[in-house]
Amino acid sequence: MFLQMRAEVEDALEAALDTLDLPTEDLGIEEPPEDVDAVLASSAAFRLAGEVGAPPPKVAADVADAIDVDSLTYVSAATTQGPYVNFLPSDAYFAETLDAATDDDFGRLPDRETSVVVEHTSANPTGPVHVGRARNPIIGDAVARVLDYAGYDVDRHYYVNDAGRQIAVFTWAYETFDESDLPEPERDSPEYEMVRYYRKGNSFLEDGDADEVETAEAEIQAILQGLEEGDEETYERVAEVVDTVLGGMQATLGRLPAEFDEFVKETRFMRDGSTDELVDRLQGLDCAVYEDDAWQLDLPDFEKNLVFLRSDGTSLYTTRDLAHHEWKFDNYDRAVTVLGEDHKLQADQLSAALDLLGNDTDQLRQVFYSWVNLPEGGMSTREGTGIDLDDLLDEAIARAREEVESRLDDRSRGELDDEDVERIAHQVGIGAVRYDIVSKQPTKGITFEWDRALDFEAQSAPYVQYIHARCCGILDEVETVPSDADFDALTEPEARDLLRVIAQFPAVIEEAAEDLQPHSVATYTRTLAETFNAFYRECPVLDADPETRAARLALVAGTRHTVANALDAIGVEAPTSM
RNA sequence: GGGCACGUAGCUCAGUCCGGAUAGAGCGUCGGACUUCUAAUCCGACGGUCGUGGGUUCGAAUCCCACCGUGCCCGCCA
C-alpha cells in the first residue's frame, strides 16, 4: 500500500502546489523519522519559502490546507509540524495492507514483460570455489531473485571461460602429469581432484627445467591455436577438463543455493563465427588502429587501448566477450553482470566498445563487489591459499547443529526429531553465511573471520528466521486464519507499527530491483524482525478476545508471508521451526 | 604517476545515489526480564570531531574541491 499511498501523495501535493501557483518540480517527499506518526512527509516548504516570501512553517500550513484530504484514499490527514507537511495513513491504508499481506505472493510486483539476463560468478573452471569468490554467486543470485520478485523475467547465466590460457595450461597439465605424482585430494570431488594437476602444472612452468618448460609452452600454444582454428579434437580435450571441474563447482554453488539456467561457453562464440564477424566490424570503426602488429581500439576517454586481435591473429577474452554481449542483447531486453571490482576497467571498455558498435548500452548494467580477503591476505586457486566454500558451509552447518542441540533441553514447545535438527542446521548455517554477505554493500571490503561470519545472534539470518518460526508456531495452533479480519481490532501501537513496516515491503523490492541492491532487502528484514518482536512481546495472539485474536492472527499470517518472501528474495530459507 | 572504490561508536555495519526533523543497529561492557503464543528473544545504561580541511546551501554523514589512509586497476592474461 505504501507505493499506492506515495503515488497518491505525489498527485495531491502537486495539485495543491498548483492551486497555490507554486512550482511543482520539487515535491520534497520523504519518509519522516520514526517518532513522527506520518507515513510520508514533504519538506518542500523550505525551498518554497523564498518564492512565497513567508517563513517555511507558514508555507507548510498553506500547503497542508490546500490539500483535498477528503478525496484521498490512503491519507487521513495532512498536518504540519514546523516546516514539514506530514501525511497520516488512513484506515484504508491499514485495512488494505492487512488484506494484501494475506496473499502468499505478497511483495511480488506485476509482470513487467521485460526479460533480464543476470550473469554472475563466471569463475574460471580451475578448481574448488573458495570464499574469496563466494561473494559473486551470493550477490548474483540475490540480484536475480530480487529482479524476479520485481516482475522481470529473469535468466541466470554462468559465462564459462573455456578458451583462455589458464584453461590451456590446465588441459596440458592434466594430460601430462601422472596422478601418482600428486598429493591426495582435499575432498572426494572432481574439482578437488583436478585442481592438483592445475597447481602442479603452474609450479612446473614457474620452476621447471628451462627446456622442458619450452616444450610445455609449445604444447599450450598448440591448444590455444587449435581452439582458435576450430579444431574439433582440441575442443574435446579442453571440454573434458572444463566440464569435469565445472561439474564439481556447480555442486558446491548448488549448496548456497546458486543455480543457473545456462552455462554459456566462450568457445561458443568462436565456433559460431560471431567473434570473427565482430572483429571485422571492429576493424571498420574509426578508432580502430593497427599498432605493434596488433589490432586495437583507441577508445576516447580511456588511456589504455583495447587490443582485440593479437599479432598472431588470435582473439582475446574481451573480443569474445563483446560477441557474447551482443548475443545477450539479441536475446534479452536487459543484461546485468556481477563482477569483481578488478574488472571495472575491462567492463567500462567493453561497454564503450559495445556502444561504438551501435548497441544500446543503457540496457547493460554491472554490479561490482570487492574481494573477500583473509586476515593474512588474498585467496588464490592457483596457489592453493584460501578457504574453500565447502569447508565454510560445512563448518556453518556444524555450528548451527550444535546450537540447535544445545537448545533441545529447554524448549517449551515443539519437539524436534533428528530430521528437524538436520533441516534447521542447514537452513540456519547456510542462511547465516549468505545473509552475512548479502546484507553488506558489495563495494565494501570484507575480511573473512570465522566467528564473525558465523555469528548466529542479532543482525544475522537466524535472528530474522526466528520470527518466521515464531509466526509458524502461533499459526500452527489454529485451524484457519480468518479471512475477514478487522484491522480496527489492532489498536496497540506495536500492531500498527508492524502493519506499517509490512506495507513497505513491495516498495523495498521495487527499489532494490531498480538500484540492483539486494542488501537493502536484508536491512528491511531486520527492521521487520525488530518490529514483529515488539508486537510479539506486547500483543498476545492466541489468548486474546475473539475479535482481537482474529485480527492479530491475520497480522501474524501477513508477517509470515512478508518475512518468508523477503528472505526468499535474498536467497535465505525460512524455517517453520527452530 | 593516473583512474576507480572505500573511510560513520572500541569492533562489524545501516543511512550517502535522490541534502532536511535530536546520526541508527548489532557485537562487546554493565544492569534487568522466562509459572505467559519458542529467551537464536526483549528492556535499560554507557559509547560518535560521520577520515581531515575548505566550499555550496536556510540546512551537509549525504553535493563540490583539496588532502590523508586503505583496497583494486592501469598485460597482445582472464
Side-chain angles (χ1 to χ4, degrees), chain A residues 28-30 32-36 41 43 46-47 49-50 55-56 81-84 86 122-124 126 161 163-167 266 291-296 302-305 307-312 314-318 321 340-346 348 368 370-371 373 400 403-404 406-407 410-414 424 428 432 436 439-441 443-447 449 451-452 455-467 469-478 515 517 519-520 522-523 526-527 529-530 533-534 536-544 552-553 556 577-578:
Chain A
I29 291 175
E30 57 194 64
E34 257 177 57
D35 54 341
V36 174
S43 61
F46 279 115
R47 272 90 60 192
Q81 192 168 333
Y84 295 95
N86 288 328
S122 302
N124 289 342
T126 51
N161 163 22
R165 183 185 149 81
Q166 293 183 66
I167 295 305
E266 215 178 318
E291 277 175 20
D292 304 325
D293 300 328
W295 278 95
Q296 337 192 347
F302 289 92
E303 207 173 299
K304 182 177 86 98
N305 279 8
V307 178
F308 63 88
L309 205 59
R310 293 189 181 100
S311 50
D312 64 2
T314 59
S315 61
L316 290 88
Y317 173 86
T318 316
D321 205 21
E341 62 175 352
D342 51 330
H343 286 66
K344 187 85 163 64
L345 177 65
Q346 188 265 335
D348 287 344
F368 293 100
S370 80
W371 217 237
N373 285 311
E403 286 287 327
V404 182
S406 72
R407 289 163 209 274
D410 48 34
R411 288 182 73 84
S412 56
R413 67 181 300 279
I424 295 166
V428 167
D436 182 57
S439 61
K440 288 167 185 150
Q441 282 183 32
T443 45
K444 305 227 178 185
I446 294 182
T447 301
E449 287 166 51
D451 288 339
R452 202 179 291 153
D455 181 2
F456 294 150
E457 295 195 30
Q459 290 202 338
S460 68
Y463 173 75
V464 178
Q465 290 172 317
Y466 191 60
I467 74 155
R470 276 182 156 176
C471 288
C472 291
I474 293 171
L475 296 170
D476 277 348
E477 300 297 321
V478 299
D515 299 339
Q517 293 191 330
H519 84 271
S520 58
T523 303
R526 237 157 22 212
T527 307
E530 281 163 16
N533 279 325
Y536 185 89
R537 182 182 70 245
E538 297 299 329
C539 305
V541 177
L542 299 173
D543 295 338
R552 288 179 180 174
L553 275 173
V556 171
S577 63
M578 279 174 75

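In what follows, every heavy atom counts, from backbone to side chain, and hydrogens, waters and symmetry copies are set aside. Naming: A, B, ... by sequence-line order, numbering from 1 per chain.
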When we call it a touch if two heavy atoms are under 4.0 Å apart, what does [X] touch: a base, just sugar-phosphate, or nothing?
| X | answer |
| --- | --- |
| V307(A) | sugar-phosphate |
| V404(A) | base |
| S577(A) | base |
| C471(A) | nothing |
| F46(A) | base |
| E34(A) | nothing |
| A534(A) | nothing |

> With a 4.5 Å limit on heavy-atom distance, are the side chains of Y463(A) and E530(A) in contact?
Replying inline: yes
> Quick one: salt bridge (Lys or Arg N to Asp or Glu O under 4.0 Å) partners of D293(A), sequence neighbours excluded?
Replying inline: none
> Taking only residues two or more places apart in sequence or in another chain, which ones pass salt bridge (Lys or Arg N to Asp or Glu O under 4.0 Å) with R537(A)?
Replying inline: none
Atom pair distance, as rounded to whole Å: [atom1] in [X] and [atom2] in [N]:
| X | N | atom1 | atom2 | answer |
| --- | --- | --- | --- | --- |
| F368(A) | C73(B) | CZ | P | 13 Å |
| M578(A) | A39(B) | CE | P | 12 Å |
| D436(A) | G26(B) | CG | P | 17 Å |

>> List the residues meeting ring-ring contact (aromatic ring centres under 6.0 Å, His included) with F46(A), not counting sequence neighbours, and say none if there are none.
In response: Y84(A)
> So, is C46(B) syn or anti if syn means the angle is within 90° of 0?
Replying inline: anti
Candidate nucleotides [options], ranked by approach to the side chain of [X] - the nearest:
| X | options | result |
| --- | --- | --- |
| D342(A) | A39(B), A78(B), C73(B) | C73(B) |
| R537(A) | A78(B), C43(B), A40(B) | C43(B) |
| E303(A) | U22(B), G2(B), C77(B) | G2(B) |

> Relative to the 5' end of RNA chain B, which residue comes earlier, E530(A) or C539(A), by the nucleotide with the nearest heavy atom?
Replying inline: E530(A)
> For RNA chain B, whose closest nucleotide is more 5', that of P33(A) or that of R470(A)?
Replying inline: P33(A)
Integer angstrom distance from the [atom1] of [N] to that of [M]:
| N | M | atom1 | value |
| --- | --- | --- | --- |
| C50(B) | G10(B) | P | 12 Å |
| G71(B) | G26(B) | C1' | 25 Å |
| G7(B) | C43(B) | C1' | 33 Å |
| G51(B) | A60(B) | P | 15 Å |

>> Just to be sure I understand: a Watson-Crick pair is purine N1 to pyrimidine N3 plus N6-O4 or O6-N4, both under 3.5 Å. Using that and G-U wobbles, which stems of three or more pairs involve RNA chain B?
In response: B:1-7 with B:68-74, B:10-13 with B:24-27, B:29-33 with B:41-45, B:51-55 with B:63-67
> In chain order, what residues pass the side chain to side chain contact (heavy atoms under 4.5 Å, CB included) check against E449(A), with sequence neighbours excluded?
Replying inline: P375(A), T447(A), R452(A)
Please write out each protein N/O paired with an N/O of nucleotides 13-17 of chain B under 3.5 Å, distance rounded to 0.1 Å.
| residue | atom | partner | partner atom | Å |
| --- | --- | --- | --- | --- |
| A14(B) | OP1 | Q441(A) | N | 2.6 |
| A14(B) | OP2 | K444(A) | NZ | 3.1 |
| G15(B) | OP1 | H519(A) | NE2 | 2.9 |
| G15(B) | OP2 | Q441(A) | NE2 | 2.4 |

>> I'd like to know if D455(A) reaches the base of A40(B) with its side chain, counting only an N/O donor and acceptor under 3.5 Å.
In response: no
